[in-house]
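Below is one structure; the comments refer to it alone.
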Number of protein chains: 2
Amino acid sequence: MGVKYNTDHFLQSVESYFNFALSVDCVVFGFDNKSLKVLLIKSKMEPYIGQWSLIGDMLQTDEELDAAANRILEYRTGLKNVFLKQAKTFGRVDRHPLGRVVTIAYVALVRIKDYEISTENMQNEAHWHHINQIPELAFDHNNILEYCLETLRKKVREEPVGFALLPDKFTIFELQSLYESILNEKIDKRNFRKKILSMQILEPCNETQKGVPHRPAKLYHFNRDKYKKLKQNGWVFTLKFPSGSKPSENGV
Amino acid sequence: MGVKYNTDHFLQSVESYFNFALSVDCVVFGFDNKSLKVLLIKSKMEPYIGQWSLIGDMLQTDEELDAAANRILEYRTGLKNVFLKQAKTFGRVDRHPLGRVVTIAYVALVRIKDYEISTENMQNEAHWHHINQIPELAFDHNNILEYCLETLRKKVREEPVGFALLPDKFTIFELQSLYESILNEKIDKRNFRKKILSMQILEPCNETQKGVPHRPAKLYHFNRDKYKKLKQNGWVFTLKFPSGSKPSENGV
DNA sequence: TCAAAAGTGTTACATATACACCCATGT
DNA sequence: ACATGGGTGTATATGTAACACTTTTGA
């Protein structure tokens, strides 16, 4: 025991602080044109063997947090350069059977099509689960997932992150369905269209859907540069829908 | 080296994972009726001795994250039951001179008056710094502070958290000043008043200011129960002010 | 009487909401 | 022909933004 570290109310050997393990867990969301899904794998650790769990791994000592998240994501999905943001750190003392393992949760948004392509030749242990049909998960992963879903629901109203879940070219109705799945509510078609188009962040591709059993829709893509410019000028992306009400005079 | 832990692409002794240190840093915001402030102390660690730093400490092995944050806050301010929320985890590999110390940053909102009362008889090493006059801080604390300030600016528009910085009874103008300090912008008095009163979350105390060199204002307090009820009914607190603009037809 | 903040309304404009029908395509 | 989603407009209600003067108090 060498150097001492003075934390003001106790004096302890420096070495004795270095006894935590850290892991990174990714909540990987995807959208299959019908509903929001989460990518889960089967746990291999006692006492959770066989139970579904988020994808995650231990952090390496010399590894940056974001790098670990990207590594884990690539390992499980084959995908790089994916939307990936730190969400929250979960550290309940008893959350892990091996000891004090604190985990840093990330949210990832991926295009399921890309995932399917990149995992074609992988031993693929992961499965997409409908967001409303999540089983009991290993560790505290139900908590983590719930928190991250809430985060996503908030974020999707305040920033144009939903596009990370859609193919490059998409129809306005697909975008609307995405919002409906995430937020779990119906949205009026005309109002949605009006609002999203008035934002000037979608650009028509001058293409239409092919081979659909109905009138083919125009395809659009998200113009990130335009969004950035607007944002710099103080404009803020907001999508809210009439689920809320305003306070009435007579309380609630 | 006993148990092995299979993380799928490497096999490593379990013990070897438990070599991280964790700390908790609190960004403590306060408001002195004129401007937003942050509580800083002088660092005692090489190579930052004498430099200002956030208040923080090492996490103990058997300590919950929130408990550590509360402990640190109480140790430095004497205050309990303070607004305190996890903000983000910072873990750059080279951020700490002692090794891989990952820190979990918390935001605290305190009433400076309460702080002054509770620290009267403490050896008081902490000082309030004006948010626009932050010196170079120890470690990566400038990053952390910047991030947390951004977080606060966002949060204050979406949830009624500002009240945690005000005394129990306050005037509407004080509330407005608070918003102006945090957001760094002027707000129209009549519009602010109209909006905040229409929310029905303030209740008049039937008291007025005493001994002020101007017409004394009515005092209000925040009715948290009413806010909760409104929120349950789907209503959302939002305060935004005309800094933003809407996208124009001809790009930006 | 001065300084400082309290308090108060209206108008113009922009945005949000509610709502129903015909169109184009594949099967 | 039918099922499916594509695509469109308007009227109304609500919310936001801009703006100036009188009042009350302590010094």
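In what follows, chains carry the letters A, B, and so on, assigned in the order in which the sequence lines appear, proteins first and then strands, with residues in each chain numbered from 1.
- Nearer to the 5' terminus of DNA chain C, by closest-nucleotide assignment, is the contact made by A:N191 (compared with the other of A:G211 and A:N191).
- By the 30° and 60° cut-offs, the orientation of the rings of A:Y227 relative to A:W235 is perpendicular.
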I'd like a list of close polar pairs between nucleotides 5-7 of chain D and the protein, N/O only, cut-off under 3.5 Å.
| residue | atom | partner | partner atom | Å |
| --- | --- | --- | --- | --- |
| D:dG6 | N7 | A:K189 | NZ | 3.1 |
| D:dG7 | OP1 | A:K218 | N | 2.9 |
| D:dG7 | OP2 | A:R193 | NH2 | 3.2 |
| D:dG7 | N7 | A:K189 | NZ | 2.9 |
| D:dG7 | O6 | A:K189 | NZ | 3.0 |

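- Going from atom CZ of B:F192 over to atom P of C:dG7 covers 13 Å, rounded to whole Å.
- Going from atom CG of A:L239 over to atom P of C:dT17 covers 11 Å, rounded to whole Å.
- Screening A:V27, A:I182, A:I131 for a side chain to side chain contact (heavy atoms under 4.5 Å, CB included) involving A:L152 leaves a single residue, A:I182.
- In this structure, B:K195 atom NZ and D:dT16 atom C1' are separated by 7 Å, rounded to whole Å.
- For C:dA6, its base never sits under 3.5 Å from the side chain of B:R190 at any donor and acceptor pair.
- By the side chain to side chain contact (heavy atoms under 4.5 Å, CB included) test, B:A217 is found to be paired with B:T171, B:Q209, residues two or more places apart in sequence or in another chain being considered.
- B:F170 contributes atom CZ, which lies 12.0 Å from atom OG of B:S177 (distance to the nearest 0.5 angstrom).
- Partners of A:E180 according to the salt bridge (charged side-chain N to carboxylate O under 4.0 Å, His left out) rule, which considers only residues two or more places apart in sequence or in another chain, are A:K186.
- A straight line from CD1 of A:I196 to P of C:dT15 spans 15 Å, rounded to a whole angstrom.
- A cation-pi geometry, defined here as NZ or CZ lying under 6.0 Å from the six-membered ring centre and within 45° of its normal, does not hold between B:K218 and B:Y220.
- B:E185 places its CD atom 12 Å from the P atom of D:dA18, with the value rounded to the nearest Å.
- Rounding to whole angstrom units, CH2 of residue A:W235 and P of C:dA14 are separated by 17 Å.
- Nucleic acid contact class of B:K194 (heavy atoms, under 4.0 Å, all strands): base.
- Distance CG (B:L219) to P (C:dA6): 11 Å, rounded to an integer number of Å.
- Straight-line distance from the CG atom of A:D188 to the P atom of D:dT8: 15 Å, rounded to whole Å.
- Of the residues listed (B:T77, B:I55, B:I144), the one engaging B:C26 in a side chain to side chain contact (heavy atoms under 4.5 Å, CB included) is B:I55, and it is the only one.
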